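This is a predicted model, so every value here is computed, not measured. Throughout, a chain's letter reflects where its sequence line sits, starting with A, and its residues are numbered from 1.
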Number of protein chains: 2
Amino acid sequence: MEKVRVCFYPENRCIEVNKGENLLRAAMEADVHINASCGGEGYCGKCRVIVEKGDVQQKLQTKLTEEEIKQGYVLACSSTLESDAEVRVPIESQIGDRRVLERKPPIPLKGYTLSAKDWAERLPQWELNPPTTKFHLILEKPTLQDNLSDAERIKRALSRIADLKDAVVDYPMLQVLPSLLRASSFDVTITVLDRGQEIRAVRIEKGDTTLRQAAIAVDVGTTTISVQLIDLQTGEVTAEASDYNGQISYGEDIISRIIYSTRATGLAKLQSAAVNTIWNLIQQLVEKSNIEFCSITHVCISGNTTMVHLLLGLDPRYIRVDPYIPVAQVFPWIKASNIGIRIASGVYMRVTPCVASYVGGDIVSGVLASGMFNSDKMTLYIDIGTNGEMALGNKDWMVTCSCSAGPAFEGAGVKHGMRATRGAIEQVRINEVTLEPMIITVGNKRPIGICGSGLIDTLAELFLTGIIDEKGKIRLELSTPRVKEGESGGEYILAWANETGTGRDVVITDGDIDNLMRAKAAIYAGMQVLLEEVKMDIDDIEEILIAGAFGRYLEIDKAIIIGLLPDVDTEKIKFVGNGSLLGSYLQALSKNFIKEADRIAKMMTYIELSTNPHFMEQYVSALFLPHTNIEEFPTVKQRITKVRKIVQSGISEGDVT
Amino acid sequence: MEKVRVCFYPENRCIEVNKGENLLRAAMEADVHINASCGGEGYCGKCRVIVEKGDVQQKLQTKLTEEEIKQGYVLACSSTLESDAEVRVPIESQIGDRRVLERKPPIPLKGYTLSAKDWAERLPQWELNPPTTKFHLILEKPTLQDNLSDAERIKRALSRIADLKDAVVDYPMLQVLPSLLRASSFDVTITVLDRGQEIRAVRIEKGDTTLRQAAIAVDVGTTTISVQLIDLQTGEVTAEASDYNGQISYGEDIISRIIYSTRATGLAKLQSAAVNTIWNLIQQLVEKSNIEFCSITHVCISGNTTMVHLLLGLDPRYIRVDPYIPVAQVFPWIKASNIGIRIASGVYMRVTPCVASYVGGDIVSGVLASGMFNSDKMTLYIDIGTNGEMALGNKDWMVTCSCSAGPAFEGAGVKHGMRATRGAIEQVRINEVTLEPMIITVGNKRPIGICGSGLIDTLAELFLTGIIDEKGKIRLELSTPRVKEGESGGEYILAWANETGTGRDVVITDGDIDNLMRAKAAIYAGMQVLLEEVKMDIDDIEEILIAGAFGRYLEIDKAIIIGLLPDVDTEKIKFVGNGSLLGSYLQALSKNFIKEADRIAKMMTYIELSTNPHFMEQYVSALFLPHTNIEEFPTVKQRITKVRKIVQSGISEGDVT
């Protein structure tokens, strides 16, 4: 039988199959997930993939638009492989139920999430003073005696009601000016953009539209993009939505995307993937609100440095290589339509400045949103993802760094790691005596893997119960069937094959634990270096702010047990939520916040960890549970002692299994 | 025989011919000129026209590109009319020999043309300080310790050698920044544009290109576009070229172009016609110089208000109707590529501000170039074309107006009027006694018509010799065969049919003279109104500056005889040449001149003549030769008396015919 080789992207998993093999079967064989719910009949249309290379015969083209067919889309279920091929699985075919993004934390969080009331206290007094302002002008109609040009007439009127004499009238606005002025009998609303150095009249509308003004705030995350539609009349968020960043199809993490961007048209594809996600979200928001597209006057975007580069189409390749240099830290206001966000003419876009290649505008925005920039308290701001980015300081000074934690907390590099979608184990308890687990999954479905919060839970429980030692090694000598020697070291079985959604055991391995240990050690070491840099101690930290989607589901005590977070009074720890989005929101509301964000980005001193002599030292010390120096974790020490006592007594009282 | 009706544009001459008639013959019949030199065989390819409507069968398609065929081009000589049709004759098919634009004045001009030495005296001390500056930067290469982004690295280097800390890096420059920096080992040249309110880094080049910097200066005239290529190392004009404005195909004058612009896609067509002319000229200049495209860093453009609107694609329709309002007087710096001038990326374009709908940036530029803005002398600046635009004042104040003179001086509205191309009568003398003319034509060819300077000459000679009276009426009673009753009033025959290139008499008619009288009266009346406005007199004028192509060929004494110019000491009158182009040139050289031009545009007080109670009064008084009040023209009075005496004595000595 003739063989063909097919590779699936973004996973880059390749497999040899018989020529003529069904594409969906090949994907399954290669362990690549493609949604398919109709069993292969072709009527659900969910298993669409893009054939990038090779001869793939398709029997059905229903459910595909002409445009899609032109782009190479096929339904995997009804296609066969006739040659070697390369197939890309788009994000929508990987992820079924996007609503999971909006899941509520499953249990009351042990930790305090900042509330609206808190923001009011934490942020300085501010007024609704957005970078765009609408002015309703009833202009004097031109006469032979008063024959100023249309543009000068508007500037004169603006200078009479505000100090805007030197406003530049945007070129595209000049192109519609005369007809619109006359069609509206010189009764118009002018939108003026304050770019800091320059005031620019950017849009003209008929009549009085001053009561209709809105803005868009965006957080461009590597995994998720979140968008808010803000009513600038009230300053309130009218609607909010999130979706996976469409770039996921081209790589899960920053590094693989940077590599993809260096291909021919790679950068353009990544740019349009993110733009499409944003644009779709904006359309959704407009649909479900009573705000129209034409009311939107500006867009504020925050994201990590790489995401911002990809969004703006700036070459990010030097972010990845020593000495890690971005194209820019500060970005000019550009038209949203320049990158393909075609809301309306004259809508400009602000991008929050970045600090360095791995401390981006998302952190600047979060420091703004959390009020840290306005606080006397010595604060640690921390955003945990593939990189643990953090900032230490207060309103007067800040140091910042990024620790390459690896993607373990995001479920990657972990055998059964997965995103927090249906069937992901998100909470774990292990009985100290029986060593049997209790698990809760997202959506209460049969478990198919473990997500980030589940992994931290698992690690903490394994440690507390003594299933792993201080080095994170599974104790194979324990007399429980849950522990066994796997293909590459020890494994702890969280769910038996007959209980899972995959028909296989769901396990955590020594290798997985190693990756998690490295991730938590990097973050803890980073924090220690920042403290050393300013000659301070953990005890000096008055507040810890945890940002990001990951933080939202984090159980603080578990994070302390594994030594990810320092052993401080948990009252000091607060959840910020999506700080990046919140910071975008604040900048959309007020020029003062834009100025503050610029100031924050400038005041942050970036500490490069890869050249810092203390970082490796601290990192090695942190490769223990909770830490080499157990005295740094007094409450964890107490707790371990207590649990070990129970275990001791339990065992002495008799074997209960 | 079936008839079809064909209309030729821009002349808008329509004619009925037999169906199947040859298109070239139909054009000849309609008195529409189309170049055709091969007699109709189709090998010269010069008679290309655009069929805009109707069924035209073409037998030959040689000499036409596929693109042209798609656009509707046919060769008139080998096409037949099969239905009613509309045919446009493009400028290149109307005008054969473009070199005539560069003709030298045929005789030493009676009048003083400002020389380079004069400019040095008339302009204030200035330095070469163009709006774009090139900085050669050898940047420190980034390290882990010094890890500023590429853009911030450039800004830091700029701030060290010049005060440019807050420069905005242009978005398109960001897109090429990282690869170019590294390909050049961080040895680059940055072009910085000072837009007044904002400093912007607009281009990056490898290595040191500071010795290669050039600019483009443009005058966009209604008839002619002139372009200079300026070496910014020396400040000298490296090459210069002119061509007819490609918009002529859509109408000869401003009004017909504005009307055309209101058609669907009319504005876009006019814009691209002018852009193409400019772009072709720039290409010619670059070809014949040793300056490369990539050396050009900015473009400065001046033109009348309508031309600037059409060039920028701004709707000019309200310029034409009471109260005559342009879209803008001040224009933002825009990228040259925005309107299709694709010199290189990052090349921005400055457009000289206008004063009003009929006093444009060409006048502002001329007032700048002539040094009038810097002079203590009470000066009259005058540019004669379809509109006589003028400015009166000195360095402290200026009043300005535009008189609708009509196109008579440009040869339109005159039976045998024509542009100053081959065969145009440009100089005329008439013997006082015999009343026989002596004529000189452009290119010394058989006469086919009369151009502007020829018309003024003719009018002056007719008046001096008494062939016409003070009202401009031809004296039919004179006993010379040169004078006869024509189809509509009197005619004077300048050339007999057997001497001309057309085989018909070349004549000037009572109607032509009426049009010329109205034109000269409007200009003289405009000047009088400006003087009245500031309570001054002709005697107060210390200098008269005549600008424009028309002025270049004007014989001053003839212009005074007919009362177009006031009867002042001719020493006071100087020719500026193309003031608009010169002003563009100066602005390209120095930011100070840009500031001055902005100041001039603001300081000019525009006097609207159509509502001025004195204008009609003055106009009626000026509808005489030289003027109702002959005492305003003492030297003309003397001269007439003298000539009339010769005539008297000549006649008394016997009839010489």
- request: Would you check if A:Val169 and B:Phe331 make a side-chain contact, meaning some heavy-atom pair closer than 4.5 Å?
  value: no
message: Run the side chain to side chain contact (heavy atoms under 4.5 Å, CB included) test on A:Tyr324 and B:Asn147 for me, step by step, so that the C-alpha distance in whole Å, both residues' side-chain angles and the decisive distance to 0.1 Å come before the verdict.
response: CA-CA 7 Å; A:Tyr324 318 112; B:Asn147 59 359; over 6 Å; no
- line: All heavy atoms of B:Pro142 vs all of A:Pro323, minimum pair found to be O-CG, 3.3 Å
task: Sort A:Leu144 into side chain, backbone, both or neither according to what part of it lies under 4.5 angstrom from a heavy atom of chain B.
output: both
- prompt: Is chain B contacted by the side chain of A:Tyr318, its backbone, both, or neither, given a heavy-atom distance below 4.5 Å?
  reply: side chain
message: Nearest 0.5 Å, please: how far is CD1 in A:Ile325 from CD in B:Glu152?
response: 12.0 Å
CA sep, side-chain torsions, deciding dist, call: A:Val327, B:Ser149, side chain to side chain contact (heavy atoms under 4.5 Å, CB included): CA-CA 5 Å; A:Val327 175; B:Ser149 66; over 6 Å; no
query: Is it the side chain or the backbone of B:Gln329 that comes within 4.5 Å of chain A heavy atoms, both, or neither?
result: both
- request: Examine whether an atom of B:Asp322 lies under 4.5 Å from a heavy atom of chain A, and if so say whether it belongs to the side chain, the backbone or both; otherwise answer neither.
  value: side chain
field: Winner by heavy-atom pair count (cut-off under 4.5 Å) against chain A, out of B:Lys141, B:Arg195, B:Arg182
entry: B:Arg182
- prompt: Can you list every salt bridge (Lys or Arg N to Asp or Glu O under 4.0 Å) pair that touches residues 169-179 of chain A, not counting sequence neighbours?
  reply: A:Asp170-A:Arg200, A:Asp170-A:Lys335
message: Does A:Leu148 form a side chain to side chain contact (heavy atoms under 4.5 Å, CB included) with B:Tyr606? I'd like the steps, not just the answer.
response: CA-CA 10 Å; A:Leu148 271 186; B:Tyr606 177 71; over 6 Å; no
task: Measure A:Gln197 against the heavy atoms of chain B and call it side chain, backbone, both or neither at under 4.5 Å.
output: both
statement: Of the listed B:Ile334, B:Ile154, B:Leu177, the one with the largest count of heavy-atom pairs under 4.5 Å with chain A is B:Ile334
query: Where on A:Leu312 is there a heavy atom nearer than 4.5 Å to chain B: the side chain, the backbone, both, or neither?
result: both
message: Report which part of A:Ile339 has an atom under 4.5 Å of a heavy atom belonging to chain B: side chain, backbone, both, or neither.
response: side chain
query: Heavy-atom distance under 4.5 Å to chain B: side chain of A:Ser610, backbone, both or neither?
result: side chain
message: Just so I know, are the side chains of B:Asp315 and A:Gln175 near enough to count as touching, which here means a heavy-atom distance under 4.5 Å?
response: no
- prompt: Heavy-atom distance under 4.5 Å to chain B: side chain of A:Leu174, backbone, both or neither?
  reply: both
query: Got a second to check how far B:Thr611's OG1 is from A:Gln145's CD, nearest 0.5 Å?
result: 5.0 Å
- prompt: For A:Trp333 and B:Val168, what are the C-alpha separation, side-chain angles and deciding distance, and is it a side chain to side chain contact (heavy atoms under 4.5 Å, CB included)?
  reply: CA-CA 10 Å; A:Trp333 280 93; B:Val168 175; over 6 Å; no
Least distance between heavy atoms, B:Lys155 atom then A:Val330 atom: NZ-CB, 4.4 Å
